[in-house]
Amino acid sequence: LRRSPSLGNAKTIPGPKGFGCLKSFIASSRNNNSHELATEWAQQYGDLVQVNILSQKIVYINDSRLARVIFNHPSLKEMTNDRPDTFLSKYVIYGNKNMAFTSRTDQQKVRRKLYHGVVKFYGENVRKFERIFMTSLNKLTREMQSLNEVNFSHEISMATLRVVDALLAGEESNCTKEHLEALENFDTTLSELFYFDMEAVLKPLPFLRFVPGLPFKTKYDALIKARDDLVNAYFHRLKETYIKGQERGVIDHLLTAQSKLEEEGDVESLCDDSVKALLCETTIASFLTTAHTVNTLVLLLILHPELQEKLHSEVKSVIGNETPSLRHRSSMPYTESSIIEALRYASAGPFLLPHSCREDVEMNGYLIEKGAILLANAWYCHRRSDQWEEPWTFKPDRFLDDNGQLLQADHPKRLNLIIFGSGSRSCPGEAFARSRMFLIVVTLIQNFEFFALDNVKLPDVDPRNWESKAVRAPGQFKCGIRPRTEIHLP
Ligand code: HEM
């Protein structure tokens, strides 16, 4: 590993060149399936592949361990964790005042540290939050109790939105239909404009967003309206009723951190626009990712009833009639392994989020140039046939040892995963996402059996055939539902 300036001997990273490469890159970006093209290149050229698209170098990292070294090694991490400039960041999420889509400046680091602390706290520690969350799941369980069939995807979307609402506002009882709609609209409108229109067309030609009659203007206007509705529903509403010392959720905690920073003379790092940006970023990062993973898992369990029964028997023997709680987690290796496997199987964000390189660096004798965009190809890393047995098959016990215990996070098999990224840009919501998915899954499986309906076709479960959006997922589905003998209401 070497950093600039003396990288004279480093070789150029191999990869496709010329007009053919540009043509296939544009075609695959338009169809939102550039992960498939990148996978062909990975198989042809190896763990590092470079393409040059209109003078922009893009480096694909095709091995999870290598990605971990590049993003995390002490001699490289200050160089490899910037974000490329994007239209989304500049014109939608409050420019460089945001956290997830902006480069690693001192102010970004302050935001990330504060945000990480607050979200981690809700992921692992807050009993009160667990109670609020279980009350919301209780609502879902009651609603589903009297049904024979259920629009599962819709119910899970609603349940996940209520989790995001509780995280942001804390006050579950005040959560209205309008608030949930504001969360959902922002994420789904963004997903419509993502990625090709926004980054390939609007980034180089941003004035197109103002040209009447063009679809870009209509979509951009809709996105800004959705963003402002979200900011009104969560930032302005909560700020008006905020009381220091009586923080209700993440927004209140950020307002408290803001006033502390201001007292110390820092009025920039967490200004109002930054708190609004963090609200937008939390919505983008936490809703569809979580809902789609639970949908994928339950769809797979419907198609494999024997796996559903195995999961249910672990729930029955560990939780029994009790209310599910995070304290049950460590005794439920099969459930944990199933959730990790659903995350691998879906690989909802094929390239994680893009990184960019601040300076020339050398990796394994190759030169990664300053300004290059770095994309970890999780889509390929999670299906490499030399690392995964039957990579396209859902195997919930993949991450269990011979005694049925969950493999440790540093086990070689788990190191082949890069679901939440790695290092200083890794997902700060991982603990939160995994603990909430655990509670949703065990509550559903404790109370219901899910099955395919004779007259209703289920969506294709093969991720290669899923419709591409910002987050990849199976289509919406309806299924049959049978209460288990007793309903266990939390
Ligand atoms: C199944 C659920 C989730 C998955 C698979 C997921 C995955 C990811 C990935 C792959 C990244 C990019 C890592 C990188 O750039 O190297 C990321 C970043 C991020 N995630 Fe998540 N995430 C999930 C849930 C959440 C939740 C629940 C939250 C918030 C409560 C969250 C907040 C964020 C934020 C703010 C970032 C940007 C971090 C930064 O740039 O510094 N995510 N996530």
Side-chain angles (χ1 to χ4, degrees), residues 61 64 67-68 70-72 77 80-84 86 88-89 93 96 98-105 107-124 129 133 156 160-161 163-168 183 187 249-251 253-254 274 277-297 339-356 373-379 381-382 417-441 470-473:
I61 308 165
S64 300
R68 220 169 265 119
I70 292 177
F71 296 150
N72 225 352
K77 65 181 184 189
T80 53
N81 284 305
D82 277 345
R83 298 281 191 214
T86 52
L88 171 70
S89 173
I93 314 184
N96 57 11
N98 72 47
M99 173 189 71
F101 298 97
T102 201
S103 284
R104 295 265 299 156
T105 59
Q107 289 179 348
Q108 189 276 348
K109 288 180 190 169
V110 171
R111 273 171 226 139
R112 163 124 187 158
K113 194 164 170 233
L114 290 168
Y115 182 83
H116 193 266
V118 172
V119 172
K120 197 160 179 273
F121 179 65
Y122 281 98
E124 287 162 356
F129 187 74
F133 179 61
I156 283 304
T160 314
L161 288 169
V163 176
V164 180
D165 173 88
L167 175 71
L168 292 167
L183 290 169
D187 212 3
V250 162
I251 299 295
H253 282 286
L254 291 173
S274 290
L278 288 169
L279 159 65
C280 295
E281 288 169 326
T282 305
T283 310
I284 298 170
S286 63
F287 165 46
L288 289 178
T289 46
T290 311
H292 288 342
T293 306
V294 177
N295 267 324
T296 304
L297 177 57
I339 293 172
I340 298 173
E341 172 65 348
L343 286 160
R344 180 202 72 86
Y345 182 87
S347 295
F351 293 124
L352 314 183
L353 286 180
H355 290 225
S356 85
I373 293 178
L374 308 175
L375 297 177
N377 187 353
W379 179 260
C381 294
H382 292 163
L417 293 169
I418 185 123
I419 296 164
F420 293 95
S422 175
S424 51
R425 295 317 281 252
S426 66
C427 176
E430 175 176 355
F432 180 80
R434 288 185 52 194
S435 57
R436 298 315 115 171
M437 285 191 288
F438 170 83
L439 290 175
I440 296 178
V441 169
V471 180
R472 294 179 62 79

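The model shown is predicted, which means the values in this text are computed figures rather than measured ones. Throughout, residue positions are numbered sequentially from 1 according to the sequence presented. Read the numbers this way: they start at 1 and go in the same order the structure lists the ligands and their atoms.
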If we only count N/O pairs under 3.5 Å, is Ser426 in contact with ligand 1?
no
Which one of Leu254, Val163, Leu183 satisfies the side-chain contact (heavy atoms from CB on, under 4.5 Å) criterion with Leu168?
Leu183
Within the structure, is a non-hydrogen atom of His355 found at a distance of less than 4.0 Å from ligand 1?
yes
Give the residue, atom name and distance (to 0.1 Å) of the protein heavy atom nearest atom 29 (C) of ligand 1.
Tyr115 OH, 3.5 Å
Quick one: look up the protein heavy atom nearest atom 19 (C) of ligand 1 and list residue, atom name and how far away it is.
Pro428 CD, 3.7 Å
Any Leu278 heavy atom less than 4.0 Å from ligand 1
no
Decide yes or no for Ile419 and His382: does some side-chain heavy atom of the first lie under 4.5 Å from some side-chain heavy atom of the second?
yes
Residue and atom name of the nearest protein heavy atom (relative to atom 20 (N) of ligand 1), distance in Å to one decimal
Cys427 SG, 3.2 Å
If the contact criterion is a heavy-atom separation under 4.0 Å, does Leu343 count as touching ligand 1?
yes
Closest approach of any protein heavy atom to atom 10 (C) of ligand 1, naming residue and atom
Ile419 O, 3.3 Å
Decide side-chain contact (heavy atoms from CB on, under 4.5 Å) for Leu297 and Val441; before the verdict, give the C-alpha distance in whole Å, the side-chain angles of both, and the deciding distance to 0.1 Å.
CA-CA 9 Å; Leu297 177 57; Val441 169; 3.8 Å; yes
Could you list the atoms of ligand 1 found under 4.0 angstrom from a heavy atom of Leu352?
10 (C)
If I compare all heavy atoms of Gln108 with all of Thr102, which pair ends up nearest, and what's the gap?
CG-CG2, 3.6 Å
Test of proximity, Arg112 against ligand 1: N or O pairs below 3.5 Å:
yes
Closest approach of Ile418 and Ser422, non-hydrogen atoms and distance?
CD1-CB, 4.1 Å
Which atoms of ligand 1 have any heavy atom of Leu167 under 4.0 Å away?
30 (C)
Got the closest protein heavy atom to atom 4 (C) of ligand 1, with its distance?
Phe420 CE2, 3.4 Å
Shortest non-hydrogen pair, Ala378 vs Ser347, comes out as O-OG, 4.1 Å
Can you report which non-hydrogen protein atom sits closest to atom 40 (O) of ligand 1, along with the distance?
Arg83 NH2, 2.7 Å
Verify side-chain contact (heavy atoms from CB on, under 4.5 Å) between Ile93 and Ile284, making sure each step is shown before the conclusion.
CA-CA 11 Å; Ile93 314 184; Ile284 298 170; 3.6 Å; yes
Heavy atom of the protein closest to atom 26 (C) of ligand 1 (residue, atom name, distance):
Ser286 CB, 3.6 Å
Taking 4.0 angstrom as the limit and counting only heavy atoms of Phe432, give me the atoms of ligand 1 inside it, by number and element.
27 (C)
Can you list the steps and then say if Ser424 with Arg104 is a side-chain contact (heavy atoms from CB on, under 4.5 Å)?
CA-CA 9 Å; Ser424 51; Arg104 295 265 299 156; 3.7 Å; yes
Under a 4.5 Å cut-off applied to non-hydrogen side-chain atoms, are Leu278 and Leu114 in contact?
no
What protein heavy atom sits nearest atom 35 (C) of ligand 1, and how far away is it?
Met99 CE, 3.4 Å
Report, in ascending order of atom number, the atoms of ligand 1 lying under 4.0 Å from any heavy atom of Val119.
30 (C)
Heavy atom under 4.0 Å from ligand 1: found in Arg425's side chain, backbone, both, or neither?
both
Stepwise side-chain contact (heavy atoms from CB on, under 4.5 Å) test for Thr80 and Leu374
CA-CA 8 Å; Thr80 53; Leu374 308 175; 4.0 Å; yes
Any side-chain heavy-atom pair of Leu352 and Arg425 under 4.5 Å:
no
